[in-house]
> 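Input: one structure, supplied below.
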Amino acid sequence: MNQPLLEAINLSRTYKLAKGSAGKGKAFRHALIEMNLSINTGDRIGIVGESGSGKTTLVRLLLGLDTPTSGSVEFKGQALISGKMPWLRKDVQIVFQDPRSSLDPRMKISEIIREPLVCLGIDEDHDARIDEVLDSVGLERAMRDRYPHELSGGQRQRVAIARALAPRPGVLIADEPVSALDVLVRDQILELIAQLTDKLGLTLILVSHDLSVIARLCNRVIVMKDGAVVESGNTREVFDRPAHEFTRALIGAIPRLPESL
Ligand SMILES: Nc1ncnc2c1ncn2[C@@H]1O[C@H](COP(=O)(O)OP(=O)(O)O)[C@@H](O)[C@H]1O
Ligand SMILES: [Mg+2]
C-alpha cells in the first residue's frame, strides 16, 4: 500500500470576520476552499502563491494548529484532531517566517531549543542534543547563553531551525523562512535548509511567495490562488510549461531561472 504521509482531503477553512470590518453584517473569508493535497515521505514540495492565497492557513491545518471548517487532514492515514496528537508534534516541525516574533525574547538560545525536547518528553540528554543541533545549523555552542536580540536575523533563523530539528522530526515545514531576512543571508539559510533536508532525509514542505526559492529546493510545486490550487506538478515542468496564466506571471517576476534546477 502506498499510503501518503500527510494528506489534505477537501480541506476548507473559512474565517468569520468581525462585524463591520467588511461592510454590514457578518462577513466571511474563504481562506482555503476544498483543497486536496497528498504528500509522500521524502517529497520536497513547494507551495507558492501571492500574499493572502491561503498558504499559512494550509500549513496551520497540516500541523493541527487550527481546525478545518470542513474536510480533514490525515497523517499516516489517521485523521488529525487539532491539539491532541503529541506524536504528530514530534514528527512534523515548523520554521516560521520571522524569527523575531517566533523566538521568545526572554529565553536564552539553549532554553529555546530545549523547550520542544521538554514539552514532547523526549528521552535523551537534552544538553547534548542542543549542542548537536547548534553544530548542525552552523552556530557556535557559545551561543547557548545568548538571547535572541543579541543575534543577527540569519542567526536567529538558524536557532529556529535548530529548535525545529531538535526532536528529530521526519517532516519540516518552512513558512516563508527567508522573507523576513536580509537579501544577503537568504541564500545561506536556503542552502542550510537544502543541506539539512538531504542529510537528514527530511520530507520538506516549503512555503514561499517566490517561485525561485521553491525551484531551488523542491521537486514538486503547488501553485495557490485565492484558497485553491491552480496548478501543480514537477517543479521543472511547471517552470518550463506553466499551464496557468497566474503561474506564468509568477515566473515572469523572476529575474532569471535558478541554475540548480
Ligand atoms: N485569523 C484570521 N482571521 C481572519 N482572516 C484571516 C485569518 N488568517 C488569515 N485570514 C485571511 O485568510 C486569507 C489567507 O491568509 P493566509 O493563509 O495567511 O495567506 P498567505 O499565507 O498565503 O499569505 C487572507 O485573506 C487572510 O486575510
Ligand atoms: Mg503566510
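We count ligands from 1, going down the list as the structure has it; atoms in each ligand are counted the same way. Keep in mind the model is a prediction, meaning the values are calculated, not measured. All heavy atoms count here, side chains included; hydrogens, waters and symmetry mates do not.
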> Given salt bridge (charged side-chain N to carboxylate O under 4.0 Å, His left out), test Glu231 with Lys225 step by step and report yes or no.
CA-CA 9 Å; Glu231 180 161 2; Lys225 184 168 171 36; over 6 Å; no
> Should the proximity of Leu17 to ligand 1, defined as any heavy atom under 4.0 Å, be assigned to the side chain, the backbone, both, or neither?
side chain
> Does the distance from a Lys or Arg side-chain N to an Asp or Glu carboxylate O, for Arg216 and Asp210, drop under 4.0 Å?
no
> Taking the six-membered ring for Trp, are His244 and Phe246 parallel (under 30°), tilted (30 to 60°) or perpendicular (over 60°)?
perpendicular
> Shared ILVMFWY cluster between Val229 and Ile9, side chains joined below 4.5 angstrom?
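The answer is no; the residues belong to distinct hydrophobic clusters.
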> Just to confirm my output: which protein heavy-atom neighbour is closest to atom 1 (N) of ligand 1, and how far is it?
Tyr15 CE2, 3.7 Å
> So, the side chain of Arg248 versus the backbone of Pro242: is there a donor-acceptor pair under 3.5 Å, distance only?
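Pair found, side chain donor or acceptor close to backbone of Pro242.
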> Enumerate, atom names and distances included, each donor-acceptor pair closer than 3.5 Å involving a side-chain atom of residues 34-41, sequence neighbours excluded.
from  : atom 1 : to    : atom 2 : distance (Å)
Asn36 : OD1    : Asn10 : N      : 2.8
Asn36 : ND2    : Asn10 : OD1    : 3.1

> Under 4.0 Å from a heavy atom of Glu50: give me the atoms of ligand 1 that qualify, with their elements.
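Within the 4.0 Å cut-off of Glu50, ligand 1 contributes 22 (O).
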> May I ask you to identify the nearest protein heavy atom to atom 19 (O) of ligand 1, giving residue, atom name and distance to one decimal place in Å?
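Ranked first by proximity to atom 19 (O) of ligand 1 is Gly54 N, 3.2 Å.
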> Among all protein heavy atoms, pick out the one at the shortest distance from atom 20 (P) of ligand 1; state its residue, atom name and that distance to 0.1 Å.
Gly52 N, 3.5 Å
> Please classify the Lys55 to ligand 1 contact at 4.0 Å (heavy-atom distances, strictly less than): side chain, backbone, both or neither.
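For Lys55, the contact with ligand 1 is made by both the backbone and the side chain.
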> Would the distance check show the side chain of Gln188 and the main-chain N or O of Val185 forming a donor-acceptor pair, the cut-off being under 3.5 Å?
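No, the answer is negative, given that no donor and acceptor are paired below the 3.5 Å cut-off.
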> Report the nearest protein non-hydrogen atom to atom 27 (O) of ligand 1: residue, atom name, distance rounded to 0.1 Å.
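Heavy-atom neighbour on the protein nearest atom 27 (O) of ligand 1: Arg29 NE, 3.9 Å.
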> Distances under 2.8 Å only: what protein N/O/S atoms are near the Mg ion (ligand 2), ordered by chain and residue?
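Protein N, O or S atoms closer than 2.8 Å to the Mg ion (ligand 2): Thr56 OG1.
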> Determine whether Leu58 and Val207 satisfy the following criterion, side chain to side chain contact (heavy atoms under 4.5 Å, CB included), listing intermediate values before the conclusion.
CA-CA 10 Å; Leu58 170 67; Val207 174; over 6 Å; no
> Considering heavy atoms of the protein only, find what lies nearest to atom 15 (O) of ligand 1 and give residue, atom and distance to 0.1 Å.
Thr57 OG1, 3.9 Å
> List the atom of Pro148, the atom of Met107, and the distance in Å for their closest heavy-atom pair.
CD-O, 3.2 Å
> Distance to 0.1 Å, residue and atom name: give those for the protein heavy atom nearest to atom 18 (O) of ligand 1.
Thr56 CB, 3.7 Å
> Please check if Ile33 and Ile47 belong to a single hydrophobic cluster, counting links between Ile, Leu, Val, Met, Phe, Trp and Tyr side chain heavy atoms closer than 4.5 Å.
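No; tracing contacts between hydrophobic side chains, which count when under 4.5 Å, never links both residues.
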> Using a strict cut-off of 4.0 Å, indicate which atoms of ligand 1 neighbour a heavy atom of Ala31.
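Near Ala31, meaning under 4.0 Å from one of its heavy atoms, ligand 1 has 12 (O), 13 (C), 14 (C).
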> Examine distances only and state if a side-chain atom of Arg186 and a backbone atom of Leu181 form a donor-acceptor pair shorter than 3.5 Å.
yes
> Does Gly49 have a heavy atom less than 4.0 Å from any atom of ligand 1?
no
